[in-house]
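Encoded as structure tokens, the structure appears first; notes follow it.
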Amino acid sequence: MPAAADLLPMLLLLLGIGAFAGVIAGLLGVGGGIILVPAFYYAFEGLGYAGPDLMRVCLATSLATIIVTSVRSVLAHNRKGAVDWTILRGWAPGIAAGAVLGVLAVSHLRTPALQAIFGCLALIVAFYLGLGRAEWRLGPAMPGGVRRAVLSPAVGFLSVLMGIGGGSFGVPLMSLYGVPIHRAVATAAGFGVLIAVPSVAGFLMTGVEGPPPYTFGAVNLPAFLVIVAMTLVTAPLGVRLAHAMDPAPLRRAFAVFLAVVALNMLRKAAGW
């Protein structure tokens with residue numbers, strides 16, 4: 001059993017991470033996972049738990065928190081009639097299948113490879129956040145047939161490789177196909193459930209080397225509990241701030257911040 005002196009710094013760091021992630025998620029409408037994964041990594045590494053599978057723990061724990069936050073978000077959006085259930089039902093099998101494939105891929109990769117993947121994908125997300133335009137389009141409606149069969153597993157697969165829910169890839173994808181932004185955000189919360197539930201079930205059945213205390217499979221229980229509690233408290237604060245100020249400059253600033261985090265992840269992956 002770890003001593004209280006070892007657990008206290010971890011809990012304090014997690015409280016700060018959860019508060020920050022909740023505010024940013026509510027303020028900018030981005031998923032908390034894109035903040036949680038690098039924050040978990042730097043916190044656990046700083047506390048001396050830099051095992052070869054640390055990134056897997058970060059991804060799995062982030063996805064575990066997304067189960068709670070996404071379910072809560074879907075229920076809230078559904079009460080307002082904002083969820084597009086036709087899109088959700090049509091894309092669900094492919095997204096869930098992609099999430100399972102993502103778990104299989106992550107279980108065979110060590111921290112440097114996962115850092116490199118996270119860094120590259122986070123740069124793409126940062127580019128879209130900073131430079132994306134509302135008028136950009138790939139088509140007039142969400143695709144079906146072969147394109148959906150390719151894109152839906154890709155959303156699930158890439159999201160698990162980053163430890164994120166449906167927002168970072170789902171919202172831009174739906175926006176590019178003409179889905180109104182509020183409906184895209186609401187429906188992407190459903191994507192998050194489809195990604196997180198099967199992936200966390202898989203991660204609970206995998207083992208890791210040198211994990212932080214109270215890690216079950218690849219999911220760290222203290223981090224899961226603290227982050228869920230803090231984001232439920234602070235996300236509404238972020239939403240209120242979003243209504244009180246113009247989030248566009250903050251969105252661009254966050255894109256720069258995310259790009260710096262991504263580049264640092266790539267630096268670590270390269271061993272520099």
Side-chain angles (χ1 to χ4, degrees), residues 2 6-7 9-10 13-14 17 21 31-67 95-126 153-165 168-169 192 195-224 227 258-272:
D6 296 326
L7 285 177
M10 184 172 80
L13 279 172
L14 292 172
I17 290 168
I34 205 150
I35 303 165
L36 292 177
V37 171
F40 282 157
Y41 179 81
Y42 296 127
F44 288 140
E45 183 189 46
L47 293 168
Y49 301 111
D53 297 323
L54 179 58
M55 272 296 285
R56 192 188 311 170
V57 173
C58 299
L59 299 176
T61 306
S62 172
L63 287 162
T65 69
I66 288 165
I67 294 177
I95 289 173
V100 172
L101 292 174
V103 173
L104 294 175
V106 170
S107 67
H108 289 88
L109 297 172
R110 290 297 179 96
T111 286
L114 292 172
Q115 286 175 320
I117 292 168
F118 182 94
C120 291
L121 294 176
L123 280 176
I124 295 172
V125 174
V155 169
F157 181 77
L158 295 176
S159 295
V160 171
L161 290 182
M162 287 192 74
I164 60 177
S168 294
F169 292 118
I195 293 163
V197 170
S199 62
V200 171
F203 281 127
L204 286 171
M205 294 185 288
T206 66
V208 296
E209 292 183 31
Y214 300 107
T215 297
F216 298 90
V219 178
N220 183 258
L221 183 60
F224 166 74
I227 296 302
L258 180 59
V260 171
V261 170
L263 290 171
N264 193 50
M265 277 288 190
L266 291 173
R267 178 186 66 82
K268 282 184 169 290
W272 299 342

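Heads up: numbering here begins at 1 and tracks the sequence.
Considering CD1 of Ile195 and CZ of Phe169, their distance stands at 9.0 Å, rounded to 0.5 Å. Here CG of Leu161 is found 10.5 Å from OG of Ser199. Values are rounded to the nearest 0.5 Å. Expressed to the nearest 0.5 Å, how far CD1 of Ile95 lies from OG of Ser159 amounts to 8.0 Å. Once rounded to the nearest 0.5 Å, the distance linking OG1 of Thr111 with CG of Leu54 reads 5.5 Å. If you take CG on Leu263 and SG on Cys120, they are separated by 9.5 Å, rounding to the nearest 0.5 Å.
No side-chain heavy atom of Val106 sits less than 4.5 Å from a side-chain heavy atom of Thr206. Side-chain atoms of Pro212 and Val57, non-hydrogen and from C-beta on, do get closer than 4.5 Å to each other. Taking the side chain as every heavy atom from C-beta outward, Asn220 and Phe44 approach each other to under 4.5 Å.
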Just list the side-chain donor-acceptor pairs under 3.5 Å for residues 32-43, sequence neighbours left out, or say none.
unit_1	atom_1	unit_2	atom_2	d
Tyr41	OH	Glu45	OE2	3.2
Tyr41	OH	Gln115	NE2	3.1
Tyr42	OH	Asn264	ND2	2.7

Going through the distances and angles, do Met55 and Lys268 end up as a side chain to side chain contact (heavy atoms under 4.5 Å, CB included)? CA-CA 12 Å; Met55 272 296 285; Lys268 282 184 169 290; over 6 Å; no
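Among pairs with a residue in residues 51-60, those fulfilling side-chain hydrogen bond (donor to acceptor under 3.5 Å, both in side chains) read Asp53-Arg56, Asp53-Arg110, at least two apart in sequence or across chains.
Closest of all the heavy-atom pairs between Ile66 and Ile164 is CD1-C, 3.4 Å. Here the closest non-hydrogen pair linking Ile67 and Ala196 is CG1-CB, 3.5 Å. Scanning both residues, Pro211 and Tyr49, for their nearest heavy atoms gives O-CD2, 4.0 Å. Taking every heavy atom of both residues into account, Gly119 and Ala262 meet most closely at O-CB, 3.4 Å. Taking all atoms of both residues into account, the shortest heavy-atom contact from Leu121 to Met162 is CB-SD, 3.2 Å. Across every non-hydrogen atom of Thr61 and Ala223, the tightest pair is CG2-CB, 3.6 Å.
At least one donor-acceptor pair under 3.5 Å links the side chain of Ser107 to the backbone N or O of Leu104.
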